[in-house]
2 protein chains.
Amino acid sequence: MTNSRRSEDKRSRLVAAATELVQRQGVQRTTLADIADTADVALGNVYYYFKTREDIVHAVIEHHEAEIDALLARLDERKSPKARLKGLAEQWSNSADMVAHDGCPLGGLNYELNKCHDGVTDHAQNLLGKLVAWAESQFRELGLRDPRGLAVHYIAGVEGAALLSNTFGDAPLMKAEVRRLERWIDDLA
Amino acid sequence: MTNSRRSEDKRSRLVAAATELVQRQGVQRTTLADIADTADVALGNVYYYFKTREDIVHAVIEHHEAEIDALLARLDERKSPKARLKGLAEQWSNSADMVAHDGCPLGGLNYELNKCHDGVTDHAQNLLGKLVAWAESQFRELGLRDPRGLAVHYIAGVEGAALLSNTFGDAPLMKAEVRRLERWIDDLA
DNA sequence: GTCTATATAGCGATAGAC
DNA sequence: GTCTATCGCTATATAGAC
């Protein structure tokens with residue numbers, strides 16, 4: 001492997017470590033020493049890949065953004081809008097144990113970043129923003145009234161359930177609420 | 001006024017300042033210096049009223065808990081369970097501007113405290129826990145199946161909407177989702 | 001009870017050798 | 001590119017005069 005490839009490997013290891021630690025501990029509680037240690041990179045070397053700590057958070061957001069894009073692209077292959085919408089909620093159902101333990105990665109990130117009003121916040125809202133916009137287009141394709149309101153209701157339901165599931169450490173709660181939302185989708189129109 | 005009363009006054013000023021700052025900035029970003037300054041108390045004097053920083057967070061939780069108890073007691077005076085339930089959601093609607101700016105105080109507190117697994121977390125879950133338990137009893141009084149599931153759906157809907165409202169800085173979003181949930185209540189059974 | 005001054009520790013960031 | 005050592009700052013918490 002070339003040097004540049006090995007460098008990219010270290011960079012991606014740092015982003016992966018940061019993403020995992022941020023989900024488990026939150027942004028504020030995750031230190032650069034934590035990240036460097038988890039990624040097996042010397043602390044001082046982190047600054048070769050990221051100028052500031054904020055840049056790492058930025059990279060974590062972009063990492064989530066890429067995963068969302070990939071997920072929505074996969075869901076777009078389904079035939080009906082209802083199948084696509086239900087496929088989205090199933091993501092939280094499938095990772096219910098993780099959600100119960102650490103919360104929804106997107107929700108937690110947004111809740112925390114909403115508290116500091118810098119440039120990172122504006123970027124983070126794209127995560128939930130993309131989900132809402134995508135869901136809105138699905139509801140619109142179904143010819144329903146107020147597709148935006150339906151999309152907000154749907155994503156809010158998932159995210160709120162993730163909060164309760166995490167707060168009570170209750171994974172079945174997450175699965176049950178996804179089932180309820182899927183029934184709601186089925187009965188629409 | 002006696003000394004003990006003036007002391008209680010200072011203590012309550014500290015709790016009030018902490019509560020406000022925690023809502024606006026989050027637990028982690030709020031320092032003791034912030035709290036002391038806002039409450040007009042000398043930094044070193046804070047430790048006369050609270051042994052550790054964690055004790056202040058504990059007091060903030062208890063402050064919210066007392067407000068929840070008072071709110072639910074007021075709502076219990078309404079005649080029908082549906083009126084009581086809708087009265088709860090209207091709390092978020094009435095404070096939509098605050099929610100859009102700083103998020104739901106309870107949701108934000110829980111999201112943040114769920115990340116650290118100490119004794120404070122166990123106490124914080126009582127906040128959302130009380131809301132869910134109260135809503136469950138209202139749905140049960142209506143004779144509906146799965147009152148617990150309905151309560152989770154309701155509180156999750158409110159909290160999820162608060163997250164989206166805060167993320168997008170969109171107060172009307174909060175109001176609109178409360179209206180949708182109130183219609184859902186009206187159409188039940 | 002209240003205040004000032006300070007001990008102590010941890011974290012982001014940098015310097016500089018290799 | 002990588003590492004060790006360390007600076008500078010901030011935050012919790014304490015000491016001790018008043």
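We use all heavy atoms of the structure for the numbers below, so side chains are in, but hydrogens, waters and symmetry mates are not. Below, chains carry the letters A, B, ... as their sequence lines are ordered, and counting in each starts from 1.
- Within the structure, every pair that satisfies the ring pair (Phe, Tyr, Trp, His ring centres under 6.0 Å) test and touches residues 163-189 of chain B, not counting sequence neighbours, is listed here: B:Phe139-B:Trp184, B:His153-B:Trp184.
- C:dG12 atom C1' lies 21 Å from atom OH of A:Tyr48, rounded to whole Å.
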Original post:
Could you go step by step and tell me if B:Asp146 and B:Arg148 meet the side chain to side chain contact (heavy atoms under 4.5 Å, CB included) rule?
Top reply: CA-CA 5 Å; B:Asp146 190 17; B:Arg148 163 83 180 176; 4.3 Å; yes
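- If you take CZ of A:Phe50 and P of C:dT14, they are 15 Å apart, rounded to a whole angstrom.
- Taking five base pairs at each end of the helix from C:dG1-D:dC18 to C:dC18-D:dG1 and finding the rotation axis that steps the C1' atoms of four pairs onto the next four gives two axes whose angle is 10°, to the nearest 10°.
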Original post:
How would nucleotides 11-18 of chain D be written as a contact map, 5' to 3', with B for base contact, S for sugar-phosphate-only contact and - for no contact, using protein heavy atoms under 4.0 Å?
Top reply: SSBB----
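- Atom-to-atom, CG of A:Asn45 to P of C:dA15 comes out at 16 Å; the value is rounded to the nearest Å.
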Quiz: residues 60-72 of chain A side-chain donor-acceptor pairs under 3.5 angstrom, not counting sequence neighbours:
unit_1: A:Glu65; atom_1: OE1; unit_2: A:His123; atom_2: NE2; d: 2.9
unit_1: A:Asp69; atom_1: OD1; unit_2: A:Lys130; atom_2: NZ; d: 2.8
unit_1: A:Asp69; atom_1: OD2; unit_2: A:Lys130; atom_2: NZ; d: 3.0

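- We find that CG of B:Leu14 is positioned 13 Å from C1' of C:dG1, with the value rounded to whole Å.
- In this structure, the side-chain contact (heavy atoms from CB on, under 4.5 Å) partners of A:Thr31, at least two apart in sequence or on a different chain, are A:Ala33, A:Asp34.
- A search for side-chain hydrogen bond (donor to acceptor under 3.5 Å, both in side chains) contacts involving A:Arg183 returns nothing, not counting sequence neighbours.
- Applying the side-chain hydrogen bond (donor to acceptor under 3.5 Å, both in side chains) definition to pairs two or more places apart or across chains, none involves residues 90-102 of chain A.
- Partners of B:Glu141 according to the salt bridge (charged side-chain N to carboxylate O under 4.0 Å, His left out) rule, which considers only residues two or more places apart in sequence or in another chain, are B:Arg84.
- With sequence neighbours excluded, the residues that form a side-chain contact (heavy atoms from CB on, under 4.5 Å) with B:Ser12 are B:Asp9.
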